[in-house]
J.: 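This is the structure I have questions about; it appears just below.
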Amino acid sequence: MQPADLQLNPLRSSNDRRLLRIAGPAALVIFGVTGDLAQRKLLPAIYDLANRGLLSPAFSLVGFGRREWSDQQFAEFVLTAVRNGARTPFRQKVWDQLAAGLRFVTGAFDDPDAYIALDDTLSELARTRGTRGNAAYYLSIPPRHFSAVCDHLARQGLANHDDQTWRRVVIEKPFGHDLRSAQALNAVVERVFAPDDIFRIDHYLGKETVQNILAFRFANSIFEPLWNANYVDHVQITMAEDIGIGGRAGYYDGIGAARDVIQNHLLQLLALTAMEEPTSLTPSALRREKIKVLGALGLPDDLAVHTARGQYLGGWQGGRQVRGYLDEEGIAPDSVTETYAAFRVDVHTRRWAGVPFYLRAGKRLGRRVTEIALVFKQIPQQLFGTHQTAALGPNALVIRVQPDEGITLRFGSKVPDTNMTVRDVSMDFTYGHSFAEASPEAYERLILDVLLGDPPLFPRHREVELGWQVLDPIEQFWASNGRPEGYRAGTWGPSSADRMLALDNREWRRP
Ligand code: BG6
């Protein structure tokens, strides 16, 4: 972290361990500011940061887009997004302060004049608001435009900075659609920005419950001894969504569930779960361990039985009739894009030898839930008879990423009675019960970290490459092997996914 980026809250004494991390003066330029992500997540998160007092008074926000908008019209647009999406209450004073730093630059991504206008705007903000020339460019746009934007920023000198200032770029997934395209995309961005100035967003890493995996594993002594092949039978990582693709056909079709969320979010969850303890919490030490474990992943030989994919059919969900994927607006009637993907991956390290990791993600499933479940081995010798343990499953430790954030430990207990019967019970930690503090949204944390220049939560290019190395063979196999199996909306996915686990004598959890 560059010390110049960190302003300490003057209201707290210097030995207060809870010193707030407050971003220094800067402008944030959002390309694609009228898009869905900016409206739903980025703009509300910026307001929430301002409301929590975590942005500098000089903070300025520049929207870049085709619309012929004045700054005033842009401010109205931002206000609507804030009113609809902010987590914290609306306060006029905070809004007025933020609104004074809003600017809009009209132009197409490949229009050189627009970058001259952007240059002028950033200079004006440095003069009038004191942003000191610091700027982060947030590319919330399809990757096909990255090249034009980066080149124009470079040509206009907008990526240059001296020792006292910084210029950073923030990019959103998808980082390519396979290994080769990811490398090409990375080359485009690295032509202009240094690796330390590139922030790749994987919003799962901004979630409280995901950051807590490190605390849970490495700040406690009781779990780590069990965290290995001696005790763990297998691990299931699930990201189930009840929503369909909504209005995102243009993005989703041709991408599918595996590229959309497994290549990035789920493999990052796997890396945090399976990695060794880093020697410190510095970005490079953390990255080293994640890269080691991602580099140790291997797929089973027979992808026909160790992978599964599906596409949702019409059905009922939450008492509402919903349409099938092929009937969604903008989807070709013969699309083979999967909306459900599952596969087994093995971690070839001493800690995890013989412990399969099963990953699954899907849309229009029974319920929205993301969780990491460590399912433990059976005890070597069962004292109780089968009739006494009929309702006893394997012990499990479940990190509930969302919703209902927390951690559950499942184990057997005697049922109160004169008989001896053992049944599953659970011990729960729930954020809502244990903490008075509300969890910030992932994007609040990540935008703040970009402004602070604090990189641990942003995957490096190598991690992205390793993700594609796992996925590419599966995608190639699927591309030459027919269509995904249909599954009814509101169910738990295609039957091939159940067969995949049954083959290993296991079954999916029904969260
Ligand atoms: C995004 C995917 O990365 O994550 C979406 O592109 C998905 O398809 C979304 O719906 C889910 O995010 P969250 O935070 O609601 O789990």
Side-chain angles (χ1 to χ4, degrees), residues 32 35-42 44-45 48 85 87 138-143 170-177 182 199-213 237-270 272 309-312 317 322 325 328 330-331 335 337-342 359-372 399-406 431 438-447 457-459 463-464 467-468 471 489 493 511:
D36 183 61
L37 179 75
Q39 284 187 64
R40 281 191 313 112
K41 300 284 184 186
L42 308 183
D48 287 327
R87 182 176 68 84
Y138 199 125
L139 310 192
S140 179
I141 55 178
V170 184
I171 54 181
E172 274 284 345
K173 70 177 189 57
F175 310 124
H177 57 269
F199 290 74
R200 294 172 190 78
I201 297 259
D202 184 315
H203 80 280
Y204 263 61
L205 295 179
K207 293 183 190 277
E208 266 303 324
T209 43
V210 174
Q211 291 161 44
N212 189 38
I213 298 173
I237 304 184
T238 300
M239 177 178 172
E241 294 183 278
D242 50 5
I243 52 169
I245 54 151
R248 295 168 78 223
Y251 158 77
Y252 197 87
D253 202 41
I255 296 268
R259 289 189 175 105
D260 182 36
V261 298
I262 298 188
Q263 190 273 343
N264 34 69
H265 308 328
L266 265 59
L267 285 178
Q268 284 290 334
L269 295 184
L270 182 153
L272 291 169
R309 69 189 153 136
Q311 195 180 61
Y312 62 81
Q317 209 164 30
V322 295
Y325 182 72
E328 297 277 17
I331 301 296
S335 169
T337 300
E338 87 282 355
T339 59
Y340 177 102
L359 311 184
R360 64 174 162 166
K363 299 231 184 250
R364 285 262 182 258
L365 296 182
R367 172 164 112 72
R368 173 173 182 252
V369 57
T370 300
E371 62 166 42
I372 303 164
I399 298 176
R400 305 193 314 267
V401 174
Q402 67 182 29
D404 185 24
E405 290 82 359
Y431 276 73
S439 297
E441 277 284 323
Y443 277 99
E444 284 174 60
R445 171 69 197 256
L446 295 173
I447 291 171
L457 299 181
F458 301 87
E463 292 166 65
V464 175
W468 286 120
L471 219 63

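One is the number of the first residue; the rest follow in order along the sequence. Both counts, for ligands and for their atoms, begin at 1 and track the order of listing.
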J.: Which atom names give the shortest non-hydrogen contact between Glu441 and Arg87, and what distance separates them?
T.: N-NE, 3.9 Å
J.: Write out the residue and atom name of the closest protein heavy atom to atom 7 (C) of ligand 1, then the distance separating them to 0.1 Å.
T.: Glu241 OE2, 3.3 Å
J.: To the closest 0.5 Å, what do you measure between CZ (Arg200) and CG (Asn264)?
T.: 13.0 Å
J.: Quick one: pull up CG in Leu365 and CE in Met239 and give me the separation to the nearest 0.5 Å.
T.: 10.5 Å
J.: Run down the list Gln402, Arg259, Arg248 and name the one with the heavy atom closest to atom 5 (C) of ligand 1.
T.: Arg248
J.: So does Glu371 pair up with Arg400, basic N to acidic O under 4.0 Å?
T.: no
J.: Salt bridge or not between Lys41 and Asp36? Use side-chain N to carboxylate O under 4.0 Å.
T.: no
J.: Look at atom 3 (O) of ligand 1 and say which protein heavy atom is nearest, naming residue and atom and giving the distance to 0.1 Å.
T.: His265 NE2, 2.7 Å
J.: Provide, to 0.1 Å, the distance between atom 15 (O) of ligand 1 and the closest protein heavy atom, together with that atom's residue and name.
T.: Arg368 NH2, 3.4 Å
J.: Can you name the atoms of ligand 1, numbered from 1 with element, that are less than 4.0 Å from a heavy atom of Lys363?
T.: 5 (C), 7 (C), 8 (O), 10 (O)
J.: To the nearest 0.1 Å, how far is atom 6 (O) of ligand 1 from its closest protein heavy atom, and which atom is that?
T.: Asp260 OD1, 2.6 Å
J.: Of all the non-hydrogen atoms in the protein, which one sits nearest to atom 16 (O) of ligand 1, and at what distance?
T.: Tyr204 OH, 2.5 Å
J.: Under a 4.0 angstrom heavy-atom cut-off, which atoms of ligand 1 come close to Lys207?
T.: 13 (P), 14 (O), 16 (O)
J.: With rounding to the nearest 0.5 Å, note down the distance linking CG in Leu42 to CD1 in Ile447.
T.: 5.0 Å
J.: Quick test of your reading of the structure: of Lys173, His203, Met239, whose heavy atom lies closest to atom 13 (P) of ligand 1?
T.: His203
J.: Is the closest side-chain heavy-atom distance between Glu208 and Arg445 below 4.5 Å?
T.: no
